[in-house]
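In what follows, a structure is listed as structure tokens, so that the remarks can point back to it.
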Amino acid sequence: MDILGLYHYWVFAVLLMTGFYAIVAKPNLIKKLIGLSLFQSAVFLCYITFGKLAGGTAPIVGKGAELFSSPLPQVLILTAIVVSISTTALGLALVLRIKEAYGSIEEDEIQEQDAP
Amino acid sequence: MLAPHLPMLQVVVPLLMAPFVVLLRPRGLAWAAATMASLMAFAIAIVLALSVVGDATLTYRVGGWMAPYGIELRVDAFGALLLLVITGASSMALLGGQRSLERALPPTREPYYFSAWLLALTGFVGIAVSADAFNIFVFMEVSSLASYVLIAGGPDRRALSAVFKYLIMGTVGATFYLVGIGLVYMMTGTLNLADMAGRIEAVADTRPMIVAAGFITVGLALKAAIFPLHIWLPNAYAYAPHVTTAFLAACATKVALYVLLRFDFLILQQHLSGHAFQFAGYLMPLAVLGILVGSGVAMFERDLKRLLAFSSVAQIGYMLLGASLVSVSGLHAAILHMFNHALAKGGLFLAVAAFAAVTSGWRLEQIGGIARTMPWTFAAFVVCGLSLIGVPGTAGFLSKWYLVTAALEHGALGIALVCVILLSSLMAVAYVWRMVESACFAPDFDAETDADSTPNRDFAAFSHLLPTILWIVALANLYFGLANALPLELAKSAARTLLGGLP
Amino acid sequence: MNIAIDIASWVLLTLGGVNLLIGGIGVLRMPDFYTRMHAASLTDSMGAILVILGIMLQAGLSLATVKLGAILAFLLLTSPTAANALAVSALLAGMKPRTGDAVQRTNHEADA
Amino acid sequence: MSTITLLFSIFLLTLLMITTMAIVRTRNLFVAVMLMGIASLLIAASFFLLDAADVALTEAAVGAGISTVLFLGALALTSERERSPSSLPLLSLGIVAIVALIVIYATFDQPPLGSPSAPVQAHLTPWYIESTRELIDIPNVVTAVLASFRGYDTLGEVIVVFTAGVGVLFLLGTGASASAAGAPLSEDNAGLRHYLIPRILGRLLIPFILLLGFYVQFHGEYSPGGGFQAGAIVAASIILYSLLEGEQRALLVIPQGVLLAMMVGGVLLYGAVGVAGLVLGGNFLDYSVLDSDPVKGQQWGILLIEIGIGITVAGVLISIFHAFASRGAA
Amino acid sequence: MYYAVIVATLVTMALALLRAVRGPTVYDRVLAVNMFGTKTVLLLAALAFVFGRPDFLDLVLVYALINFIGVFAVLEFFRNRATRAGERQPAQHE
């Protein structure tokens, strides 16, 4: 039964590495930012997965429920999501400035223009 | 009345000034508010350092909650020394850099720049005082985002592509760190560093813990620009505004190294069997390679700021070398070098900011004859250069001396390390001499011949404050070279606490 | 009494589910954008009505029913508008719907 | 975790893996952004299945809503297709595969999914749930931990959002220059001029969306919600208004000066509540000293800082959108 | 009780995803995303009752809202691109 439980972590590993591949291999700057936000959302999945309690419900003290999943990973991920969107927003602003300065957002074309 | 709250005020003062600075539209007001906040933070750091001298540590419970449940701040000797470096570098760079920044930044966007400066300061200081793993991640993000803004401020378009590379590598590093503390949190159930150290015993040799140690080390190595992962540093520091480089070069990478050492020595080292060997085994070759490659490339570099950036990579290699000796004297040398390197490198970059006010660019041939036009500034530049090399009588010499004595304790390996240190010091002499030689004896560089540089010999742009600040830093280099009381003592007790009783 | 409600909501739910499935298959098999649009938006609205009514019956008179009503009203207002805006935008961008002869033509030559 | 919901979550996560593979493989950036919207919805749905209601709400509001709008805003100003092929794909594929194997290697010794004996459940969680009922007495434990027990983290978080706002305004300018030029509200740039129906419906719905945003803001203690989500929803509604009615009119609704004041005001409000705790004798961010009855003080503190978060997040996201949109017009 | 609907929604989501990945024209993809959003709304509404926590329904309302705004962001992107590039040829085939 716990092999099924580990499936979440394998999806986390695959997601982490798909994002990391996009960052490493794709020269387009916006595709790198997309890879970066995938890379970060994989980490969110990992945190929330080990916060889950079998038979527990969301940590909002309702009428009936007593068994709660752990609230701490959810708090950490609330913070991490906003960090991820802030980094993406700043990255996109940089991409716009780079497009205006270099006329292109492909990393290899930018390096050609920079090389003396 | 405020004494018990000092660790908190250290973070709150720049934190609450930053949003305030954004509203200050009139010219120069934003700079004044930022400098005032930075000086207040510097004063608090000095008081903290003095109150922590006798192996004492200050703790502070944010929100009044007990340690593992709420977030706790902890200032020990190592943290206090780093606080001095951060706030000192920020205050000196701000005081000296007003004119240089006014020329680099469009006037309407100055308040944003100084707000980002205070936010970077808040981030670095937040990391230095925090004792909670996730809190360090949040403030690492604050300082990274703010330093991207600071670096992208310059008129040079190459700063934009350099900052984008820094953003990608910095965020990947921070996310690796996040994965690492996620795995550690999963196995130990806590985020507080002290509590984590206590609970790691039971799960020391499980697979997730070893992978977590790997992730944390790689993530922080990326942020601290340790040898193979330093690719973002030279361009980011070279094309940023000069004053930004003076601030970031003195403290940005050291903060990440501080977190790496605290994690490794306080948590992973004691409990993970063989981790001491792993730490030394993997990081020492990287440190040696970093020293050799950094100094080597610096010798042949044409651009003054890239030259100094590569020498920064080499100096980080020294610190890592001291730490990877895994002995009290080794750590003592590494921590002391953090302080001395901040003094030397900060002074050099401030001098470059002074030169750039008068010269048309900062390639070696463009600073010809600067020794005659600005003798005082050049003299301070030479003093800081000597401290970088480690000439006896300067601060740099002390840290090299302790590094050599620490290396000698390791016998044959020690001899090899000492040779590496001497070789790289010779390389340092070479590239400092190249700078001095082109500044003094090269023919007077008249700007008309060089097409793309704009002649701007307007002395009005030359801030009156910059030479005095430069000389304060140069004299500090000499003072801490001779009567090195406070940082020496702090570094020694920091090394003892980190190693926790090891011989 | 609640057996009748259970059966009614069960019927509504399965009808809604079938509706959704038809929409899903329709989107894949339809040859052209506008016919797919037809398949998708119709079953979206109809499926939503049936499923949410089915759940409302289960929830009985409670705050949840009010919330479900709000969701249904919002969905009924927005998804047809979105479909309309999408179709107008596609038409303006010059995408011509494939008229009658186009259907015969596809029988001979292979679809692009 | 009952096997049925586990199977659902496994199905959703498989769909997620397929979507991310498609995102990375496709050459058309617009398609990648659309698929990212789907991936964000899938992740939010699987969070919902893993009992993380607050995080599902934030991921949907921020991930699917705001990030798609930002990416589209950036794409409108740059090229839409990737021109150059992947650089040295095989080498990077190798590195990526090795690191993936390391991570999978790490997952074998982990406590099984949802086991009550796992340190995460045993160590801090019972204390949080117990003391939330006893000291703060609000149903939503996540908001209590977010705002009070780890309030300093959330202060750092608001500072991160503020830094992003300052950074984007520094890089792209405030965009006030475009509208300050007094561009007449000519018909051609007044939003989607072809779409009469959506504009009418937009005018009808936007007030209710704002109301929903305020509901999520003030209902944060009882049900999933809070400052971040509310700020994102309010920002989404203003962005919708700007999409339908045109950017100039949206700037008339909330001018640039007010946005800047919102950005700064939210952070200062959060800091002021912290300093008030300091002045009244407690530690920084200690809300129990704010009121005679500590429990009331905690509730007051949490309410005020949630408002601060909501104001800052809304102000930052709207000014980032304006900076992107005005860059296009300029 | 709800499992039938949930399975149907999941299968439809898979079909919509297939259309989103394969769809020749860009508008097919927008259609698929819009359909995907509505299905998520229905899925979560049903799940809220399977978990017995009906108070999560305002979460579902926000999903519908975000889906609605997403569609308009895309259409504004097209209007921008069409008017700015001044291109009139049909965006028929990628």
Side-chain angles (χ1 to χ4, degrees), chain D residues 4-5 8 11-12 15 18-19 22 26 28 30-31 33-35 37-38 41-42 44-45 48-49 51 53 56-57 60-61 64-65 68-69 72-73 75-77 80 188-189 191-195 198 202 205 209 212 215-216 219 222-225 229 232-233 236-237 239-240 242-244 328, chain E residues 2-3 6-7 9-11 13-14 16-18 20-23 26 28-37 39-41 43-44 46-48 50-51 53 55-81 83-85 91 94:
Chain D
I4 301 285
T5 37
F8 290 152
F11 184 79
L12 280 174
L15 281 188
I18 299 165
T19 323
T26 170
N28 180 335
F30 169 75
V31 169
V33 168
M34 296 311 300
L35 290 176
I38 291 184
L41 279 177
L42 277 170
F48 190 82
L49 272 167
D51 291 341
L57 181 56
T68 316
V69 169
L72 288 177
L75 274 185
L77 306 169
E80 198 198 286
D188 63 350
N189 61 12
L192 304 162
R193 67 190 186 294
H194 301 295
Y195 308 113
L205 278 182
I209 298 175
L212 176 69
Y215 164 77
V216 166
H219 210 256
Y222 299 94
S223 71
Q229 298 88 344
I233 293 170
S237 63
I239 287 170
L240 177 65
S242 162
L243 289 176
L244 291 180
Chain E
Y2 297 99
Y3 295 134
I6 292 174
V7 166
T9 328
L10 287 175
V11 168
M13 281 161 99
L17 188 67
L18 199 59
V21 170
R22 215 161 54 107
V26 195
D28 291 316
R29 293 197 170 92
V30 177
L31 178 68
V33 168
N34 184 10
M35 202 177 145
F36 201 93
K39 295 301 168 295
T40 324
V41 167
L43 174 75
L44 291 185
L47 276 176
V50 164
F51 285 166
R53 299 297 296 264
D55 47 7
F56 288 169
L57 283 175
D58 43 30
L59 198 91
V60 174
L61 194 56
V62 168
Y63 274 54
L65 145 79
I66 292 297
N67 182 29
F68 178 54
I69 289 170
V71 168
F72 280 103
V74 168
L75 296 186
E76 177 67 14
F77 166 73
F78 275 106
R79 200 182 64 76
N80 250 349
R81 200 179 56 141
T83 48
R84 200 161 34 75
E94 288 315 274

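Computed over heavy atoms, backbone and side chain alike; hydrogens, waters and symmetry mates excluded.
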Checklist entry - Looking at side-chain heavy atoms only, is the closest gap between E:Val74 and D:Phe30 below 4.5 Å? => result yes
Checklist entry - Non-hydrogen atoms of chain D under 4.5 Å away: do they reach the side chain of E:Val30, the backbone, both or neither? => result both
Checklist entry - Who among D:Gly37, D:Ala60, D:Gly65 has the most heavy-atom pairs with chain E under 4.5 Å? => result D:Ala60
Checklist entry - Taking atom OG of D:Ser237 and atom CD1 of E:Ile69, what is their separation to the nearest 0.5 Å? => result 6.5 Å
Checklist entry - What part of D:Ile209 is in contact with chain E, defined as an atom under 4.5 angstrom from a non-hydrogen atom: side chain, backbone, both or neither? => result side chain
Next on the checklist: So D:Leu212 and E:Val62, do their side chains get closer than 4.5 Å, heavy atoms only?
Outcome noted: yes
Item to check | Side chain, backbone, both or neither of D:Thr68 within contact of chain E (heavy atoms, under 4.5 Å) | outcome: neither
Checklist entry - Roughly how far, to the nearest 0.5 Å, is CZ of E:Phe36 from CG of D:Leu42? => result 3.5 Å
Next on the checklist: With a 4.5 angstrom heavy-atom cut-off, is it the side chain or the backbone of D:Ala44 that approaches chain E, or both, or neither?
Outcome noted: both
Checklist entry - Should E:Phe72 and D:Val69 count as side-chain neighbours, where that means a heavy-atom distance under 4.5 Å? => result no
Next on the checklist: Please classify the contact between E:Leu44 and chain D as side chain, backbone, both or neither, with a heavy-atom cut-off of under 4.5 Å.
Outcome noted: both
Item to check | Rounded distance [0.5 Å steps], CG in E:Leu17 versus CG in D:Leu15 | outcome: 6.0 Å
Checklist entry - Considering only heavy atoms, which portion of D:Ile233 lies under 4.5 Å from any heavy atom of chain E: side chain, backbone, both, or neither? => result side chain
Checklist entry - Heavy-atom distance under 4.5 Å to chain E: side chain of D:Ile38, backbone, both or neither? => result both
Checklist entry - Non-hydrogen atoms of chain E under 4.5 Å away: do they reach the side chain of D:Leu205, the backbone, both or neither? => result side chain
Next on the checklist: With rounding to the nearest 0.5 angstrom, report the CG to CZ distance, D:Asn28 to E:Arg29.
Outcome noted: 6.5 Å
Item to check | Interatomic distance, E:Asp58 atom CG to D:Tyr222 atom OH [nearest 0.5 angstrom] | outcome: 14.5 Å
Item to check | Which portion of D:Tyr215 sits near chain E, non-hydrogen atoms under 4.5 angstrom | outcome: side chain
Next on the checklist: Show, in sequence, the C-alpha distance, side-chain angles and deciding distance for D:Met34 and E:Val26, and conclude whether the side chain to side chain contact (heavy atoms under 4.5 Å, CB included) test is met.
Outcome noted: CA-CA 10 Å; D:Met34 296 311 300; E:Val26 195; 5.9 Å; no
Item to check | Validation row: E:Phe77, D:Val33 side chains within 4.5 angstrom (heavy atoms) | outcome: no
Checklist entry - Where on D:Ala22 is there a heavy atom nearer than 4.5 Å to chain E: the side chain, the backbone, both, or neither? => result side chain
Item to check | Region of D:Leu35 in contact with chain E, defined by heavy-atom distances below 4.5 Å | outcome: side chain
Checklist entry - Does any heavy atom of chain E fall under 4.5 Å from the side chain of D:Phe48, the backbone, both, or neither of them? => result both
Checklist entry - Under the side chain to side chain contact (heavy atoms under 4.5 Å, CB included) criterion, do D:Leu49 and E:Phe51 qualify, and how do the steps go? => result CA-CA 9 Å; D:Leu49 272 167; E:Phe51 285 166; 3.7 Å; yes
Item to check | D:Gln229 side, atom CD; E:Leu59 side, atom CG - distance, nearest 0.5 Å | outcome: 9.0 Å
Checklist outcome for this item: Greatest number of non-hydrogen atom pairs under 4.5 angstrom with chain E, of D:Leu41, D:Thr26, D:Ile18, falls to D:Leu41
